[in-house]
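Contents: one structure, followed by commentary.
A, B, ... follow the sequence lines: proteins, then strands. Residue 1 opens every chain.
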Amino acid sequence: MPALCLYFQVHQPLRLKKYRMFDIGHDHQYFNDSSDSNRNNLKILSKVAAKSYLPTNAILAKILKNYPQFKVSFSFSGVFLEQLETHLPHVLESFQSLVNTGRVEILSETYYHSLSFLYSPEEFASQIKLHQAKVKKLFRAHPQVFRNTELIYNNDLAKYVESLGFKGILAEGVDHILGWRSPNFVYQPHGTKAIKLLLKNYRLSDDIAFRFSSHDWPEYPLTAPKFASWINGVNGSGEVVNLFMDYETFGEHQWADTGIFDFLASFPGQILKHPDNSFVTPSEAIDTYPIRDTLDIPNFISWADVERDLSAWLGNPMQHDALHHLYSLESQVLRTKDYSLIDDWRKLQISDHFYYMCTKWFSDGDVHKYFNPHDTPYEAFISFMNALQDLKLRISQSTSSNITI
Amino acid sequence: MLGWELPPHNSGGLGTACLGLSRALTRQGQQILFVLPHKLPVSDTPFPVLFADDQTLSDTPLSPYLIASSGGGFASLIAQVLAYAQNAKTLAKKLQFDLIHAHDWLCIPAGLAIKDATGKPLIIHVHATEFDRTGGDNINPAVFHIEREGFNKADLVITVSSRTKDILVSKYGITPDKIKVVHNGIDAGDYPKVAGPITFLHSVKAAGFKIVLFVGRLTLQKGPDYFIKAAHKVLQHFNRVYFVLAGSGEMEHQVIDLVAKLGISDHVLFPGFLRGEQLTQLYKSADLFILPSVSEPFGLVPLESVINGTPVLISKQSGVSEVLSHALKVDFWDTDEMANQILAVLNYSSLPQTLITESSQEVQKLSWSSAADKVTNVYNQL
């Protein structure tokens, strides 16, 4: 004790190109920017694959080979897998060979990395099914544990996910929810029968994901032995430490020259030096450890920003407006039965589009600005709304042509 | 402090900026002696205002925005500038002060004359260069030389934006270390809360039309022609909108001709130069304010618009775009993108709503008092 449960999120959105009012009705390709801008999806995917996915996969492959006790889990968005299939099959193969070791678990999520649960449980369930089909096809895996986009979570979500047959779900270990309780135990969501809840230990996770290279941090530099000593310190006061983070932490958010790769390579060995420590996948954690308490989380939480709520996607009138308009098209879009139309509507659901419209802290030049391929939240909104107008036009054309038939 | 004009007898932003800055500096304990070239009634100021020439001028003082291409007035402007230098030197000998702070080229000869006579350090505060005023074409060599001599001889130079600093480095060959950037500020309290009615606008708004506003001199520098070209593109997609240009200037006829040629006269209004309550009303009536400047050292009008509750679209070639994040931004020449963004404001109401909420909060931080803090830091470096 304790066991360490690692989960890495792997997602790349389909960023909208600059889509102008004049393009409405003429151009139906919303995601095909091929310029040198950061809206060029293939450019970003290739860059991150080279800087992060491939080198990190190589390190994990070595760790899996050297330490039979090592285990890890991934959640891949469907739109990420789709981009690899189309453009970078060798990167997909490198993930597949990790999964083939049998010690890598894949989690379930919405195919389009969407906020659909907030607007349409039916759409949410459809996207989970699409994701399961993709994961089955590419990895021959059947996920048992669900994690929602950006760890967005509340009681209702847990109940709904349980009804879809999952045995576990992940969430952020938010302080104001936990109070005196520790994130290092397995919990039961309020109002559910059997589904179990794993909570991210955000302090330890963020020590790696955010603070690793921060010279202002008193613990800098973070070494593997130091980190292992903190894990050992949990001994007796927790059963499973959940380290959840973006996979791009390795090599993209923390660049190679910060020493993040050396840290990752030596960290499992340091953890396993202590005979009581072990690695588990989310499913194993759920099967192994008993429920220690029930957690009542009526309001939505997430892993984003210091607020850890929905304000990164639903913090201003533009974001509400854009999401409302998008989901109001649901029945009309689905009625067309036009695959490419439905697919585009769903690609417009990718949560990143709304994150880019976030005005919170924008003038302070923080993380939202850093990750925004659009110059401003306002331009992100304008391209989105224009593309949505085009989609609406396509729906009405498709519907009227159906009627004439 | 050597200035050229102060409200209410100001023809533009220079007088407003001098008043805002001097008042904030006074509030922070600096003792300002503000010198103007000629005797004029000025609004109530918390600092003493002195006149280099005690005689009341028979004519009104000339606008600091006269440029060589505007013709005959320019020679008399130069004469006034040189007379100011002589008179200011005489006045300065009777005064006690620690440093000289001179605003723009009009006050540079006066600043240099006083520095020569007293040996006190000189700071030149640049609100606009000859390259901005002329849009880069046909710069007046006499003005350029006065500016360059001043920047070279000054102990320190303050510019109102990084963009102006870059011009001083690239066009005047001034070393970057000598130039400090202090962005202008704005104090909401200076603007009337109550607006006078403009009857025509009421009926237009009541009929469901939108209003897109330009406020500024109709000169090359301010880009009114780009505003009109964008308006033309907008009108092909959105008809229930009026474009209003408040201001006058040498390009007026050219702009009116362009409007006629594009066939959009029934959607463009020229109310002329407005101030006070009428201008406030215009700001408040508008759905979007546009600053399409070709070259704008700072650009205070968008901040006035935000204070009056109207969101703004500003040219990337403006100093104000360095400090205002919650604005739409375009290159002045990209009228396609300008039209795209205008259309988005007209079509998607949550866009202007978010813009004005965020920019109203942001503009509160852009006060004259924070500009005065930075100026005090510059004083302390001497």
Side-chain angles (χ1 to χ4, degrees), chain A residues 16-27 35 37 39 311-326 328 353-366 368-370 372 374-393, chain B residues 183 229-239 241 288 290 302-303 306 311-316 320-331 334-366 370:
Chain A
L16 277 166
K17 69 179 175 190
K18 185 180 264 301
Y19 190 92
R20 290 175 169 169
M21 194 74 71
F22 321 110
D23 299 323
I24 300 170
H26 304 291
D27 181 356
S35 75
S37 85
R39 296 180 291 267
S311 58
W313 308 277
L314 278 164
N316 67 40
M318 296 190 301
Q319 293 170 307
H320 282 274
D321 194 22
L323 277 157
H324 171 77
H325 270 94
L326 177 68
S328 70
H353 300 313
F354 312 99
Y355 188 84
Y356 301 148
M357 297 175 198
C358 176
T359 45
K360 207 171 45 166
W361 313 120
F362 172 63
S363 52
D364 304 334
D366 85 330
H368 285 266
K369 205 168 188 167
Y370 178 77
N372 199 342
H374 307 279
D375 288 343
T376 67
Y378 305 106
E379 287 175 42
F381 172 79
I382 293 171
S383 288
F384 181 89
M385 291 302 280
N386 288 343
L388 196 59
Q389 300 312 307
D390 184 72
L391 191 87
K392 266 189 189 169
L393 212 60
Chain B
H183 291 102
K229 285 174 193 161
H232 178 235
K233 289 174 183 168
V234 168
L235 285 164
Q236 291 164 21
H237 299 264
F238 192 104
N239 202 33
V241 55
L288 177 67
I290 300 186
L303 301 184
V306 170
V312 299
L313 188 165
I314 57 184
S315 132
K316 288 181 184 172
V320 67
S321 72
E322 294 167 18
V323 291
L324 186 65
S325 336
H326 292 287
L328 299 173
K329 296 181 186 180
V330 293
D331 291 306
D334 192 353
T335 50
D336 275 344
E337 180 59 14
M338 202 185 290
N340 177 46
Q341 297 195 4
I342 296 169
L343 281 165
V345 169
L346 301 179
N347 281 310
Y348 311 133
S349 62
S350 60
L351 174 60
Q353 197 189 337
T354 307
L355 271 167
I356 195 58
T357 307
E358 298 289 344
S359 57
S360 298
Q361 284 172 18
E362 195 178 15
V363 88
Q364 287 169 19
K365 288 182 252 165
L366 308 175
S370 67

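For a residue to count as touching a neighbouring chain, one of its non-hydrogen atoms must lie under 4.5 Å from one of that chain's; by this rule Asn386(A) touches chain B with backbone and side chain alike. Contacts of Gln341(B) with chain A are made by both backbone and side-chain atoms, with heavy-atom separations under 4.5 Å. Heavy atoms of Gln319(A) lying under 4.5 Å from chain B are absent altogether. In this structure, no portion of Leu324(B) lies under 4.5 Å from any heavy atom of chain A. Looking at Ala339(B), the atoms closer than 4.5 Å to chain A (heavy atoms on both sides) sit in the backbone and in the side chain alike. With a threshold of 4.5 angstrom between heavy atoms, Leu351(B) approaches chain A through its backbone and through its side chain.
In terms of heavy-atom pairs under 4.5 Å with chain A, the best-connected choice from Gln353(B), Glu337(B), Lys329(B) is Glu337(B). Comparing His320(A), Lys18(A), Glu379(A) by how many heavy-atom pairs each has under 4.5 Å with chain B, the most go to Lys18(A).
Applying the ring pair (Phe, Tyr, Trp, His ring centres under 6.0 Å) test to His324(A) and every residue at least two apart in sequence or in another chain returns nothing.
Of all heavy-atom pairs spanning Ser350(B) and Pro317(A), the tightest one is CB-O, 3.5 Å. Nearest heavy-atom pair, Phe22(A) versus Asp336(B), reported as atom, atom and distance to 0.1 Å: CE1-O, 3.3 Å.
Separation of atoms CG (Asn340(B)) and CG (Asp23(A)) is listed at 8.0 Å; rounding is to 0.5 Å. With rounding to the nearest 0.5 angstrom, the CD1 atom of Ile382(A) is 9.5 Å from the CG atom of Leu343(B).
Judged purely by atom type and a 3.5 angstrom limit, Thr354(B) has no side-chain atom pairing as donor or acceptor with the backbone of Asn316(A).
The side-chain heavy atoms of Gln361(B) and Thr359(A), taken from C-beta on, include no pair separated by under 4.5 Å.
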One pair to check against side-chain contact (heavy atoms from CB on, under 4.5 Å): Met21(A) and Leu346(B). What are the steps and the verdict? CA-CA 11 Å; Met21(A) 194 74 71; Leu346(B) 301 179; over 6 Å; no
Under the side-chain contact (heavy atoms from CB on, under 4.5 Å) rule, what do Glu358(B) and Tyr378(A) come out as? Steps first, then yes or no, please. CA-CA 11 Å; Glu358(B) 298 289 344; Tyr378(A) 305 106; 3.6 Å; yes
